[in-house]
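Everything on this sheet refers to the single structure shown next.
These numbers come from a predicted model, not from an experiment.
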Amino acid sequence: MQKFDYDVAILGGGSAGYAAARTAAGAGLKTAVIEGGEEVGGLCILRGCMPTKALLYAAEVMHLASHARPWGIRAENVSFDFAKVMARKDALVKDFADYRRQQLAGGKFKFIRANARFLDPHTVKLNLLRSSPAKRDESAPSSSNKNQSRLTSADTLTAKNFIIATGSSVAPPPLPQLHEAGYITSDDVLALKRLPKSFIVLGGGPIACEFAQFFARFGVKVTLIQRSGHILREFDTDAGIEMEKVFRREGIQVFTGTRLVEARRKGKLKTVSFEHDSQTVSVSAEEILFALGRVPNTAALGLAKAGVATDGGRIKSNDFMQTSAPHIYAAGDCTGPHEIVHLAVQQGEIAAYNIAHATAPRRMDYRLLIAVVFTEPQVAFVGLTEKEAKARGISYLAASYLFNDHGKSLIMEARDGFVKLLADSKSGEILGGACVGPMGGELIHEIVTAMAKRMIVHELAVMPHYHPTLAEIWTYPAEELAKKINVGDYAKLGRKEIK
């Protein structure tokens with residue numbers, strides 16, 4: 001029997017990789033984590049969730065201070081210091097990243113700073129990262145750490161099992177001319193030293209929408225160009241339409257249903273031309289933000305030699321997070337199907353658990369899929385959207401309620417948006433929920449809880465809610481659906497009957 005260096009080796013030390021390592025080591029498996037990024041921490045900490053949400057919250061504070069008149073508050077000549085906005089973001093990221101480095105190098109498993117490439121299904125070649133003493137990676141274990149790597153650049157590592165969690169990077173632009181015109185990505189935004197006067201945002205997904213509003217609220221002239229018929233196309237159309245209304249009211253120029261034609265640069269301005277309503281439209285700005293998605297970091301891994309199948313660079317995996325090579329698992333953005341950090345963590349945990357408990361494996365369950373966009377109002381959903389329910393032929397009923405007819409949101413002057421519930425047309429079980437409104441990312445968790453317990457709308461409708469709160473808005477669509485769905489004598493189930 002072949003003897004391996006490790007029971008499990010994990011490629012990648014981000015959210016998915018760390019979750020996998022913690023689970024594997026906790027199960028008593030000899031574990032190694034191999035991280036080849038220039039920085040340690042993963043997308044969420046370094047360039048995703050934490051830094052972007054820090055900036056977005058600053059923009060929300062700025063917006064509230066600038067629009068305080070409805071509450072009878074005078075705030076004249078509200079201004080900001082962009083350098084301090086960015087410095088606060090940097091400080092938060094440093095704290096989170098320092099903590100992650102401590103977790104990775106804490107001694108529970110071997111932590112190796114290297115790029116890895118498969119030589120065969122159980123062996124990877126390691127190219128160790130080099131740095132000068134003055135710029136030594138603080139994430140590397142100290143000389144006193146018993147798990148310090150003492151490998152050379154020619155070393156290999158063998159493992160009985162692997163978990164690939166190498167994340168993703170910004171997708172290449174669809175127009176070759178964009179390279180000539182020049183553009184920045186969401187990664188580059190986080191390092192800006194000054195605000196441009198004008199911005200063209202290419203894309204209409206969560207990243208594009210969040211940054212479009214961020215820049216607009218700090219006084220930048222923003223034009224957003226989206227290929228599909230509405231922004232936020234993974235959500236239902238009503239959510240996209242509502243946010244387009246908000247964006248246009250805040251001065252963002254929004255073009256949907258477009259096709260990019262050309263990009264060029266003249267002097268200090270960059271121009272993008274696109275087809276819209278059967279016409280060619282050209283828009284110029286000081287800077288272009290390319291926000292059209294990300295691609296898996298798998299090209300350099302030598303996956304073919306490991307017998308790992310991919311589809312467009314994305315690693316194909318089953319509900320057990322197992323790849324086409326049964327002893328190799330995948331987790332996070334490199335495999336999908338959703339690029340969401342809490343799912344990446346779950347995938348990493350399940351992959352490691354299944355390696356440790358091969359006779360009783362666990363499956364990923366995407367029934368409670370959650371998505372949140374941190375615009376203002378926030379946009380969120382859990383479970384099924386109407387688009388998906390129709391595509392899958394699921395019989396459902398839906399009901400909505402507007403925030404502009406709700407007590408607490410009127411107090412807050414948060415009049416945009418709505419909540420929506422989807423329920424099985426026969427059983428009344430809650431199948432999905434959506435929220436476009438104040439604190440939408442928080443409010444959606446009430447429906448996450450309800451769906452986790454497989455509640456029916458009748459139960460949600462009679463569940464006590466304090467008044468006035470934002471959360472009580474969910475009872476209105478629940479009551480509407482409960483009246484339409486007959487589940488028999490509800491009172492005999494020991495629950496209050498809906499009247």
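In this structure, the ring pair (Phe, Tyr, Trp, His ring centres under 6.0 Å) partners of F4, at least two apart in sequence or on a different chain, are H122. Partners of L292 according to the side-chain contact (heavy atoms from CB on, under 4.5 Å) rule, which considers only residues two or more places apart in sequence or in another chain, are P174, L202, F290. The ring pair (Phe, Tyr, Trp, His ring centres under 6.0 Å) check on Y57 picks up nothing, with sequence neighbours excluded. For S15, there are no side-chain hydrogen bond (donor to acceptor under 3.5 Å, both in side chains) partners, not counting sequence neighbours. For K160, there are no side-chain hydrogen bond (donor to acceptor under 3.5 Å, both in side chains) partners at least two apart in sequence or on another chain.
Contact detail for G348 and A331: the closest heavy-atom pair is N-CB, 3.5 Å. The shortest heavy-atom contact between A97 and L46 is CB-CD2, 4.1 Å. Taking both residues in full, the closest heavy atoms of V436 and A239 are given as CG2-CB, 3.8 Å, listed atom of the first, atom of the second, then distance. The shortest heavy-atom contact between I288 and G182 is CD1-O, 4.0 Å. Considering all non-hydrogen atoms of both residues, A25 and K108 come closest at CB-O, 3.7 Å. A pairwise comparison of heavy atoms in I444 and G433 identifies CD1-O, 3.5 Å as the closest pair.
In this structure, E35 does not pair ionically with R101, as no charged nitrogen and carboxylate oxygen lie closer than 4.0 Å. Between E287 and K270, at least one side-chain nitrogen of the basic residue sits less than 4.0 Å from a carboxylate oxygen of the acidic one, meeting the salt-bridge criterion. Between R22 and E349 a salt bridge is recorded (basic side-chain N to carboxylate O distance below 4.0 Å).
Under the 4.5 Å side-chain criterion, counting only non-hydrogen atoms from C-beta, I10 is not in contact with F109. With a 4.5 Å cut-off on side-chain heavy atoms, I200 and Y183 do not count as touching. A 4.5 Å side-chain heavy-atom check between T52 and L190 finds at least one atom pair inside the cut-off. Counting only heavy atoms from C-beta outward, the side chains of C435 and W474 approach each other to under 4.5 Å. Within the 4.5 Å cutoff, no side-chain heavy atoms of F418 are placed close to those of P477. Here the side chains of T323 and T335 are not in contact, with every heavy-atom distance at 4.5 Å or above. Counting heavy atoms from C-beta on, the side chains of F247 and M243 come closer than 4.5 Å. Here the side chains of R362 and N354 are in contact, with some heavy-atom distance below 4.5 Å.
The backbone N or O of D95 sits nowhere less than 3.5 Å from a side-chain atom of D98 that would complete a donor-acceptor pair. Looking at D236, its side chain never comes within 3.5 Å of a backbone N or O of D238 through a donor-acceptor pair. With hydrogens and angles ignored, the 3.5 Å screen pairs a side-chain donor or acceptor of K387 with a backbone N or O of R233. Without hydrogens or angle criteria, T31 side chain to A21 main chain gives no donor-acceptor distance under 3.5 Å. Judged purely by atom type and a 3.5 angstrom limit, R113 uses its side chain to pair as donor or acceptor with the backbone of G37. Between the side chain of T23 and the backbone N or O of A19 there is at least one donor-acceptor pair closer than 3.5 Å. Q347 places a side-chain N or O within 3.5 Å of a backbone atom of G336 that can act as its donor or acceptor partner. Checked by atom type and distance alone, the side chain of N161 never pairs as donor or acceptor with a backbone atom of I355 at under 3.5 Å. Listed for the H276 side chain is a donor-acceptor partner under 3.5 Å among the backbone atoms of T256. A donor-acceptor pair under 3.5 Å is absent between the side-chain atoms of Q177 and the main chain of E262, judged by distance alone.
With a 6.0 Å radius and a threshold of 12 heavy atoms from other residues, nucleotides or ligands, R367 has its CZ atom above the threshold. Enclosure of atom OH in Y99 is not indicated, since only 12 or fewer non-hydrogen atoms of other residues, nucleotides or ligands lie within 6.0 angstrom. Atom CD of E234 is surrounded by 12 or fewer heavy atoms from other residues, nucleotides or ligands within 6.0 Å.
Atoms CG and CD, on D333 and E339 in that order, are 4.5 Å from each other to the nearest 0.5 Å. Rounding to the nearest 0.5 Å gives a distance of 11.5 Å between CG of L397 and CG of L421. The CE atom of M321 sits 8.5 Å away from the CG atom of D319 when rounded to the nearest 0.5 Å. Once rounded to the nearest 0.5 Å, the distance linking CE of M451 with CG of L431 reads 6.5 Å. Taking CG of N318 as the reference point, atom OG of S324 lies at 10.0 Å (rounded to 0.5 Å). The CE atom of M86 sits 8.5 Å away from the CG atom of L195 when rounded to the nearest 0.5 Å.
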Between K53 and E210, is a side chain to side chain contact (heavy atoms under 4.5 Å, CB included) present by the stated rule, with each step listed?
CA-CA 9 Å; K53 278 48 179 180; E210 289 176 355; 3.1 Å; yes

Side chain to side chain contact (heavy atoms under 4.5 Å, CB included) between T223 and F255, intermediate numbers included:
CA-CA 8 Å; T223 301; F255 291 94; 3.9 Å; yes

Starting from the C-alpha separation in whole Å, work towards a yes-or-no answer on side chain to side chain contact (heavy atoms under 4.5 Å, CB included) for L232 and H230.
CA-CA 7 Å; L232 300 176; H230 293 284; over 6 Å; no

As a quick check of understanding, evaluate side chain to side chain contact (heavy atoms under 4.5 Å, CB included) for V246 and T375, giving each step before the final call.
CA-CA 10 Å; V246 172; T375 49; over 6 Å; no

Below 3.5 Å, can you tabulate the donor-acceptor pairs from side chains in residues 293-302 to any protein atom, sequence neighbours excluded?
from	atom 1	to	atom 2	distance (Å)
R294	NE	S168	OG	2.9
R294	NH2	S168	O	2.9
N297	OD1	S169	OG	2.9
N297	ND2	T166	O	3.2
N297	ND2	S168	O	3.2
T298	OG1	G313	O	2.6

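Using a 30° and 60° split on the angle between ring planes, F215 and F199 fall in the tilted class, from 30° to 60°. Using a 30° and 60° split on the angle between ring planes, H357 and Y353 fall in the parallel class, below 30°.
Of the residues listed (F118, Y329, Y6), the one engaging F162 in a side-chain contact (heavy atoms from CB on, under 4.5 Å) is F118, and it is the only one. Residue P206 forms a side-chain contact (heavy atoms from CB on, under 4.5 Å) with just one option from I340, V372, V373, and that option is V373.
For the residue pair S395/S425, the side-chain donor-acceptor check at 3.5 Å is satisfied. For the 3.5 Å distance criterion, the side chains of E386 and Y396 qualify, holding a donor opposite an acceptor.
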